[in-house]
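Report on the structure given below.
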Amino acid sequence: MDAQRSKQLQDIIQLSRQMLSQARENEWQRVTELEAQRREMVLACFQQTTPEQDSPAVATAIRDILHLNQEVAELGRRYRDQLGSEIHTHNVGRAASAAYLSCTR
């Protein structure tokens, strides 16, 4: 594989790792920013076709990127579910407070 493509793939993997790190910290705005950068890097990396002899190495890099992306997505689902639960609890608390206040009048 040529040095440029190899560097591009390594940079994409590194950015994916940064996204995962930020996701673990619940820094979702930063994850979104990094994902936009990564998308541009992926488009630049794959503007040219991959020579057949480079296919195994490129496939390995793609698998690594997809694995990291799956981890980020799973953390995103957990965070979304947690937020949904917190919103539900908050709404129940507000309803209970409103009911209590209406009974005390």
Side-chain angles (χ1 to χ4, degrees):
M1 179 180 335
D2 68 66
Q4 180 182 357
R5 164 92 31 106
S6 180
K7 173 139 177 42
Q8 287 173 318
L9 289 170
Q10 289 305 311
D11 290 347
I12 293 167
I13 290 170
Q14 181 59 35
L15 202 56
S16 297
R17 287 182 179 137
Q18 289 175 12
M19 288 171 59
L20 180 57
S21 175
Q22 293 299 301
R24 287 178 175 148
E25 299 294 323
N26 289 325
E27 295 292 337
W28 296 103
Q29 179 61 38
R30 185 68 181 134
V31 172
T32 301
E33 293 165 1
L34 293 171
E35 197 281 327
Q37 291 176 14
R38 185 181 70 171
R39 187 178 327 115
E40 289 177 21
M41 292 169 71
V42 167
L43 289 173
C45 183
F46 291 102
Q47 281 182 337
Q48 310 256 334
T49 59
T50 301
E52 190 173 330
Q53 70 269 15
D54 294 345
S55 293
V58 171
T60 298
I62 290 171
R63 277 192 296 276
D64 291 345
I65 294 163
L66 289 174
H67 177 74
L68 291 164
N69 206 60
Q70 288 172 339
E71 288 186 58
V72 170
E74 177 58 29
L75 289 170
R77 281 189 288 280
R78 288 182 198 165
Y79 187 69
R80 179 199 62 206
D81 293 346
Q82 177 187 350
L83 284 177
S85 177
E86 289 174 11
I87 289 169
H88 176 72
T89 300
H90 177 73
N91 287 341
V92 168
R94 282 190 359 194
S97 292
Y100 174 77
L101 289 174
S102 70
C103 290
T104 60
R105 292 186 184 156

Minimal heavy-atom distance between Leu68 and Ser16, with the atoms involved, is CD1-CB, 3.6 Å
By side chain to side chain contact (heavy atoms under 4.5 Å, CB included), Ile62 pairs with (sequence neighbours left out) Phe46, Val58, Leu66
In short, ring pair (Phe, Tyr, Trp, His ring centres under 6.0 Å) pairs touching residues 19-40 with sequence neighbours left out are Trp28-Tyr79
Residue pairs passing the salt bridge (Lys or Arg N to Asp or Glu O under 4.0 Å) test with at least one member in residues 10-23, sequence neighbours excluded, are Lys7-Asp11
Those residues at least two apart in sequence (or on a different chain) that pass side chain to side chain donor-acceptor pair (under 3.5 Å) with Thr32 are none
Hits for side chain to side chain donor-acceptor pair (under 3.5 Å) against Gln10, two or more places apart or cross-chain, chain-then-number order -> none
With sequence neighbours left out, the residues meeting side chain to side chain donor-acceptor pair (under 3.5 Å) with Ser55 are none
Rounded to the nearest 0.5 Å, the CD1 atom of Ile65 sits from the CD1 atom of Ile13 at a distance of 5.0 Å
Sorted by chain and number, sequence neighbours left out, salt bridge (charged side-chain N to carboxylate O under 4.0 Å, His left out) with Arg78 holds for Glu74
Here the salt bridge (Lys or Arg N to Asp or Glu O under 4.0 Å) pairs for residues 38-49, sequence neighbours left out, are Glu35-Arg39
Quick note, salt bridge (Lys or Arg N to Asp or Glu O under 4.0 Å) partners involving residues 49-61, not counting sequence neighbours, are none
For Arg5, the side chain to side chain donor-acceptor pair (under 3.5 Å) test, sequence neighbours excluded, returns Thr50
With sequence neighbours left out, the residues meeting salt bridge (charged side-chain N to carboxylate O under 4.0 Å, His left out) with Asp64 are none
Sorted by chain and number, sequence neighbours left out, salt bridge (charged side-chain N to carboxylate O under 4.0 Å, His left out) with Glu25 holds for none
